[in-house]
2 protein chains.
Amino acid sequence: MIPYVNSPQNNTKVYIEIVKQLRFMIQHDGLKPGDRLPSERELSERLGVGRSSVREALRALELLGLIETRRGEGTFIRDFRGNQLVQLLSTFILQDQKAIRDVKETKFLIELDCLWLIIQKAEKDQLLKFKNWALEADYTDDEFFLEVVTLADNHLFLRIWMILKDYYNSLELKKMIVSQTEYAELIDTLISKNESEVIRVYKNLRKLSKG
Amino acid sequence: MIPYVNSPQNNTKVYIEIVKQLRFMIQHDGLKPGDRLPSERELSERLGVGRSSVREALRALELLGLIETRRGEGTFIRDFRGNQLVQLLSTFILQDQKAIRDVKETKFLIELDCLWLIIQKAEKDQLLKFKNWALEADYTDDEFFLEVVTLADNHLFLRIWMILKDYYNSLELKKMIVSQTEYAELIDTLISKNESEVIRVYKNLRKLSKG
DNA sequence: TTTTTTATAGTGGTCAGACCAGTTTATTTT
DNA sequence: AAAATAAACTGGTCTGACCACTATAAAAAA
């Protein structure tokens, strides 16, 4: 086949071109999450490039979380609404030890953001169900706020919060004890859509007078 | 050398291990943007793995924008602000309308968070200097809010915002026109530490009645 | 001496081929 | 028809070979 990728006047790297070709291929063939891509050897042949270059492109996309590879089976398109990327960047970025305060601060504010989003978006019966659960079930603080962030219905916030949560826990700070009634009270303020009360109750729950 | 990477009980992919080793190396040696990494051949030898595996790792990091490679010169650490990958991810990910809404929503709330942090933390003379700049200098909306996020003095928010900003710009939405006086008004509310006014002015600046 | 030119060693970019370790499919045996 | 076996495929990795380009050291010219 004619090597799209390796034509003389093209001076961009081969693996970048392969990424572009893959993107085109996915769009053109309407491939969806779960679908299989052609094998490395077939791509190599079809695009007229070496297999190692194909692999460089695929590995890059894999690290980005866009595809998934299973030995012996093949390469598959992934459900990439979340971004692996933030995951990865964070591990690069969060080496910085002095960022502890930033992590706490960010986690708190994002939790507040999600509470605010819930007020804007959530249905009342969703919240009532949530409250029942909060009163009866057994859960950790993380599990409670996972529900909150999920209810906020913003995938980016969910991803960011997940990372922050993990990092926060790795700090091994002393845990606050929060009673079920406090959680329930927070949900009540959501139901009543009282923004300032949400902030007050949340801060109190986190034992914060100030941010 | 002992191959860290290829020990028997380790069944994760070699290139992933190399990424981890690189991260460790960067942290341990305190490498900063602009610094050079060891050559591919040297890494291959030092880690006891094939050069092609090293390249898979490096290409992935390059696509992520974390490193930069110059033929004949070497591989360098980059001042990563998500640039490269955003272009790519945006076309892969952001076809989805909900994802687009999430990006807008998240950027909006994080900007508000930063404004709130400024009220808590910033010194008055910092803000006055900021206002002078806002009235006299020439800047884009991104540049203005980069100042805001910087003033919030939270590295994590800075990083997240940078990524979001790039995502957001890659959406190619129509830009709002904001006058210098509007920006200055926002800074005034910061100086007066009036939280509800900050929210109102910011929303107005973004032409939002609701989130 | 200083400058310029020229060779050389080093670096990333790419390819081809080999082998291993799994999975799937086809074939054979029971 | 079911089970066991063989073959064909797929990704994972390594090695060695070139090429193109850059930086450095050596040699030649000024």
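Here is how names work: the chains are called A, B, and so on, in the same order as the sequence lines, proteins then strands, and each is numbered from 1.
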- Task: Could you pick out which residue, E73(A) or S52(A), lies toward the 5' side of DNA chain C when each is mapped onto its nearest nucleotide?
- Result: S52(A)
- Query: To the side chain of T69(A), which of dG12(D), dT13(D), dG13(C) is closest?
  - Reply: dG12(D)
- Message: Students often get this wrong, so: under 4.0 angstrom with heavy atoms, is T75(A) touching a base, only sugar-phosphate, or nothing?
- Response: sugar-phosphate
- Query: Under 4.0 Å between a side-chain N or O of S53(B) and OP1 or OP2 of dG12(D)?
  - Reply: no
- Message: Closest approach to the side chain of R71(A), judged atom by atom: which nucleotide of dA21(C), dT13(D), dT14(C) is it?
- Response: dA21(C)
- Spacing between E42(B) atom CD and dA9(C) atom P, to the nearest angstrom: 18 Å
- Message: Categorize G50(A) for me: base, sugar-phosphate, or nothing, with a 4.0 angstrom heavy-atom threshold over every strand shown.
- Response: sugar-phosphate
- When you get a sec, tell me which of dT14(C), dT11(C), dG12(D) is the closest nucleotide to the side chain of R55(A)? dG12(D)
- note: F76(B), atom CZ; dG10(C), atom C1'; distance rounded to Å ~ 12 Å
- Rounded distance in Å - CG (L47(B)) to C1' (dC14(D)): 14 Å
- Short N-O contact, K207(A) and E182(A), less than 4.0 angstrom: yes
- Note on the structure: One should read off an interatomic distance between L158(B) CG and D102(A) CG, to the nearest 0.5 angstrom, of 9.5 Å
- Task: Among the candidates dG13(C), dT10(D), dT24(C), find the nucleotide nearest to the side-chain atoms of R41(A).
- Result: dT10(D)
- How long is the line joining CG of L58(B) and C1' of dT11(C), in whole Å? 12 Å
- Query: Rounded to whole angstrom units, what separation is found between the NZ atom of K13(A) and the C1' atom of dG13(C)?
  - Reply: 8 Å
- Item | Nucleotide dG13(C), atom C1' - distance to CD of E56(A) in whole Å | 8 Å
- Query: Is there a donor-acceptor pair under 3.5 Å between the side chain of K121(B) and the backbone N or O of A152(B)?
  - Reply: yes
- Query: Any chance the rings of Y168(B) and F108(B) have centres within less than 6.0 Å?
  - Reply: no
- Item | Protein-nucleotide distance (L37(A), atom CG; dT10(D), atom P), rounded to Å | 13 Å
- Verify whether the ring centers belonging to F145(A) and Y202(A) lie closer than 6.0 Å. yes
- Task: Spell out yes or no: do the side chain of R51(B) and the base of dG13(C) have one donor N/O and one acceptor N/O closer than 3.5 Å?
- Result: yes
- Message: Given the structure, check if the side chain of R59(A) and the base of dG12(D) hold any donor-acceptor pair shorter than 3.5 Å.
- Response: no
- Message: Can you measure E40(A) atom CD to dG17(C) atom C1' for me and round it to whole angstrom units?
- Response: 15 Å
- Query: S39(A) has a side chain; which of dC14(D), dT14(C), dT10(D) sits nearest to it?
  - Reply: dT10(D)
